[in-house]
Each structure stands twice: as structure tokens, then as C-alpha cells.
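One structure below.
Proteins come first, then strands; the chains are lettered A, B, ... in the order of their sequence lines, and each starts at number 1.
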There are 2 protein chains.
Amino acid sequence: MQSVSEENYIKALYHLQDGETLVSTNDIAGKMNTKASSVTDMLKKLAEKSLIDYVPYKGSKLTQNGRSCAMQIIRKHRLWELFLVEKLNFSWDEVHEVAEQLEHIQSRKLIDEIDKLLNRPKYDPHGDPIPDETGTIIENTYNTLAELKTGDAAKLSAVTDSSAIFLQYLDRNKLEIGSVLNVVYREELDGSCTVSTEHGKLYLSQMVASKLLVIPNTSSESNT
Amino acid sequence: MQSVSEENYIKALYHLQDGETLVSTNDIAGKMNTKASSVTDMLKKLAEKSLIDYVPYKGSKLTQNGRSCAMQIIRKHRLWELFLVEKLNFSWDEVHEVAEQLEHIQSRKLIDEIDKLLNRPKYDPHGDPIPDETGTIIENTYNTLAELKTGDAAKLSAVTDSSAIFLQYLDRNKLEIGSVLNVVYREELDGSCTVSTEHGKLYLSQMVASKLLVIPNTSSESNT
DNA sequence: ATATATTTTTAGACAAGGCTAAAAAATGAT
DNA sequence: ATCATTTTTTAGCCTTGTCTAAAAATATAT
Ligand SMILES: [Mn+2]
Ligand SMILES: [Mn+2]
Ligand SMILES: [Mn+2]
Ligand SMILES: [Mn+2]
């Protein structure tokens, strides 16, 4: 059993990890709003428990064990987020903070029952995939909206920024998971794009477009 | 905002308090499975925050402030317990441990929505009253089954022992909140009693009978 | 009233998790 | 290859919450 703090480090490591490359101590400190020295201490402890492989001065990565631990925490986080939206009238910009607390509740039955209640959902309110009981997670290869060209169409499938301020911006512009986006014009100069949705035309900056993960519409793939 | 540990001390103090009398340091240590010296340290801290009145060598009691804080924690504990039973297929002997964790989650909206979902319930699965948002709690004056005499009838309304082992004993004997109990014979020697329910006759020891809170049936009050 | 027993507090220590400042290692630029 | 910069680790300190052992206060019994 891990402490709340240990769980948070494991989660951060998972989110920062990209393939087999080691995650730097500084990056972890950045993500967790702590100091590098605190991170070093914790890395030693996690290595001791064989949850991570830690190479001093080089970086660290999750072991098999650590990864499966991370998946359980992320599963809980995302199931709770969906539960809050589906059953307790939370909006998608309100759930993250509460889920940060709920993800640390220790009860196998509790999370299994939430999973059942929600009919074994595959995605959370932000489009992130929910690992199943065994820790298996769907790996989707999305495009960002910023990668599309004039004339392309796509379905908004996930967002990479779950901050309240960003999600509220999307709400104001009637963008939600599932929205169909047609790229009316893509400005190469600054990477911005004008899209049309069922609610009308929208101008989206490169900053916003790069945070929207989409599945390109194969039906309009002909116009290359 | 209080730490989880502070909240647990406040809760213990509430449960031990009886009227205006001071609660002894030793009693708190007993209830919390800690040592008296640890309790003394915490009492000083809680007094500093004016959550309790602490008189060294005499004991302590909750202030107005501390009491209202206790009510919020107990409200959360009991609402979560009922939620687990009503919505997530937990049995009444499984909920306490998980509720001990969930009661510390900080989110006003979360608990309000749970309350709404359950239709502003008045009692938890063990018959304990649930404080409302303002901290108001129903004060019932129950009798224990052990106080009744031969011929009395009563409705089981609450239990004072929520341990899994005790609740499972009640399950095995088909006793639940709401069960109607007729005292067929009360043995003065050892305080045990034989009761009949809709499922048949039962022999209950004084130890068990004293943990069952009942509302005597006024319709059979005539036989005094 | 005094001695004994019990309860409570104090003193000092420890583990977890954090911080700052200094030292050491790695990286990058000439 | 050497020097300067950045990253990481170490050393030492702090806070929270716990403990044990000793001291002080209170309660109890003669
Ligand atoms: Mn989240
Ligand atoms: Mn999410
Ligand atoms: Mn309980
Ligand atoms: Mn209860």
C-alpha cells in the first residue's frame, strides 16, 4: 500500500513518461510543484519499493509494478470524474479537483461498483481512456486539430488540457467531446484555424487547436 | 480547514461527549487507539484553533465551532454510508471503513449532490440520524431492547454497534432496521430476552439486546 | 492527613514529507 | 580540453503526528 504522496509521484511519472526514456527529476518537480531535492528523496523511496527504476543523475521510469499501480490510480481518477458528471450534475470543468482526492480512496469494491454503475465506460469526460480492472488501457492515436488542413473534417474526441479555464472556454464556444469540426480555413502564418460546427463558425488559435484531439473524418479524405 | 487527523479527533470528541461534561484525555486515546501523550498534543492544537475548550488535567469539550465542524464530518460519514448501501450494493456491515475515508473529502458540492440524489435522507443504514446542511440533527430518545419487559413490542430503529461482526450476526438472525420485535419473555437473571419477529422466535443475550435501539409500540402500551 | 495509585502532561525521539543552501555531476560552449 | 552553466544530489532543518519514559497533578484508600 502506498501513501497519498507516493501515489501522486507515481501518477506524475506516468504522465511524464514517454516510451522507455527516463523522466528527469526536474520535470517531476515542475509537474508536482515541489523542489527537486524533495523529488530525489521520494525517488529513492519508490526505487526501494521497486515501483520505479531510478538511475541517479539520469532519471527514472516506472517498473512493471509501478506502471500497474499508476493504472489503478488513473482508473479511479477517471471513473470518479465520469461518475461526478453522469450522476452528480458536475460539469467537466469541476471534476478534476475532487477526483484528485477521490482517486486515493482505498476500496476495491467501491471502484468496481462505480464502474458497474456507469456500465464499464471506456472514456472519461475529457475523452481520456479509462483503464479496465486489469490495467489495460485503450491507446488511441489522435491528431490535434492544429495538424489538419483547410477542407478537413474531424470529430473532437479528447482534450489535453483539463483546466477549468480552458474547459469553460470550450463551453462558451459550444465545443464538446463529439462535436464535428470542419476546417474552413487554416492560416499557415500563425497556425490558427477557422472551423464550422453545427452552431456556426469559430476562430481558434493555434494554442487552442493544439489542445484539441480529433479523429479525422475519413469520408472527406478524398480531397487531398 | 482541518487535517484528516484533526477531523478524527473532533469526531471522537463528539462521540464521547455527553452533555456539558468534559471528556477525559484517556477516553480519547482509548477511542482513537493512540497514546494519551499524543492526545494531549492534539488537544493543545485544537484549543489553539478554538475548536475545543481544553482544561489541562481536567478534560476537554467541543466549542460551538468545533461542534459544527463535527456535524459536517458526521453528515458526510452517514450520507456516504447510505449512498454505498442504496446506490452501490454495499451491505450495512461493509460501509463504515470506506466512509471513514470518504468523510474527509473536501467538496461542498459533492456532499450536497449525494444528499440530493438520496432525497435528503434522515437516517443512515444503522439508524443514525443524518445532520442537515446547517448541522441540525434529529435527537431521538430510543429505548434499548434490554429495557423492555415481557409482553412489550417495539420497532428496531437503530444499532449502537456498527462493527461488521455484530451486523453480520443481526443479518444471520434476519434482524434489520424496521423489524418488529415482540418480547415473548424477558429473563431478569441475566437480562436476556426471547423475542418473536415475523421470521420466528429468537433468543437474544443482554449484550445484544442492549445494542438494539427500539421505539416501543404504543398500541400495546395498555398492559402496564 | 498521608501514602498509593491513576491520570495527564512534559521531554525527547522518530518517520514522513517538505524546504533551502551547498556540493557534486552532467552538459554545453568555446 | 577547459570553463561555465544547468541539473541533480546531499546535508541540514522544519512541521505534523506519533511514540516511550519520566515527571507532575489528581484521585483514592487507609
Ligand atoms: Mn482529471
Ligand atoms: Mn480527465
Ligand atoms: Mn460508520
Ligand atoms: Mn452509521
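For C:dG18, the OP1/OP2 oxygens have a side-chain nitrogen or oxygen of A:Tyr9 closer than 4.0 Å. Distances shorter than 4.0 Å separate none of the side-chain N or O atoms of B:Ser37 from OP1 or OP2 on C:dT9. For the pair B:Lys35 and D:dT18, the criterion of a side-chain N or O lying under 4.0 Å from OP1 or OP2 is not met.
One interatomic measurement links the two molecules: CG of B:Leu43 to P of D:dT18, which rounds to 12 Å at whole-angstrom precision. The CG atom of B:Asn8 sits 17 Å away from the P atom of D:dT16 (whole-angstrom rounding). Atom-to-atom, CG of A:Asp41 to C1' of D:dT10 comes out at 9 Å; the value is rounded to the nearest Å. C:dG18 atom C1' lies 10 Å from atom CE of A:Met42, rounded to whole Å. The distance between atom CG of B:Leu46 and atom P of D:dT16, rounded to the nearest whole Å, is 13 Å. As rounded to whole Å, 15 Å separates atom C1' of C:dC19 from atom CE of A:Met32.
Under the side chain to side chain donor-acceptor pair (under 3.5 Å) criterion, no residue pair touches residues 31-42 of chain A, with sequence neighbours excluded. Residue pairs meeting the ring pair (Phe, Tyr, Trp, His ring centres under 6.0 Å) criterion with at least one partner in residues 5-50 of chain A, sequence neighbours excluded, are absent.
Every ring-ring contact (aromatic ring centres under 6.0 Å, His included) that A:His77 has, sequence neighbours left out, goes to A:His96. Remark: A:Asn140 pairs with A:Tyr123, A:Tyr142 by the side-chain hydrogen bond (donor to acceptor under 3.5 Å, both in side chains) rule, at least two apart or across chains. In this structure, the salt bridge (charged side-chain N to carboxylate O under 4.0 Å, His left out) partners of B:Lys211, at least two apart in sequence or on a different chain, are B:Asp161.
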Close N/O contacts between protein and nucleotides 1-8 of chain D (under 3.5 Å):
| unit_1 | atom_1 | unit_2 | atom_2 | d |
| --- | --- | --- | --- | --- |
| D:dT8 | OP2 | A:Asn26 | N | 2.9 |
| D:dT8 | OP2 | A:Asn26 | ND2 | 3.4 |
| D:dT8 | O3' | A:Tyr57 | N | 3.4 |

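Geometric assessment of A:Lys44 against the ring of A:Tyr54 yields a negative cation-pi assignment under the 6.0 Å and 45° thresholds.
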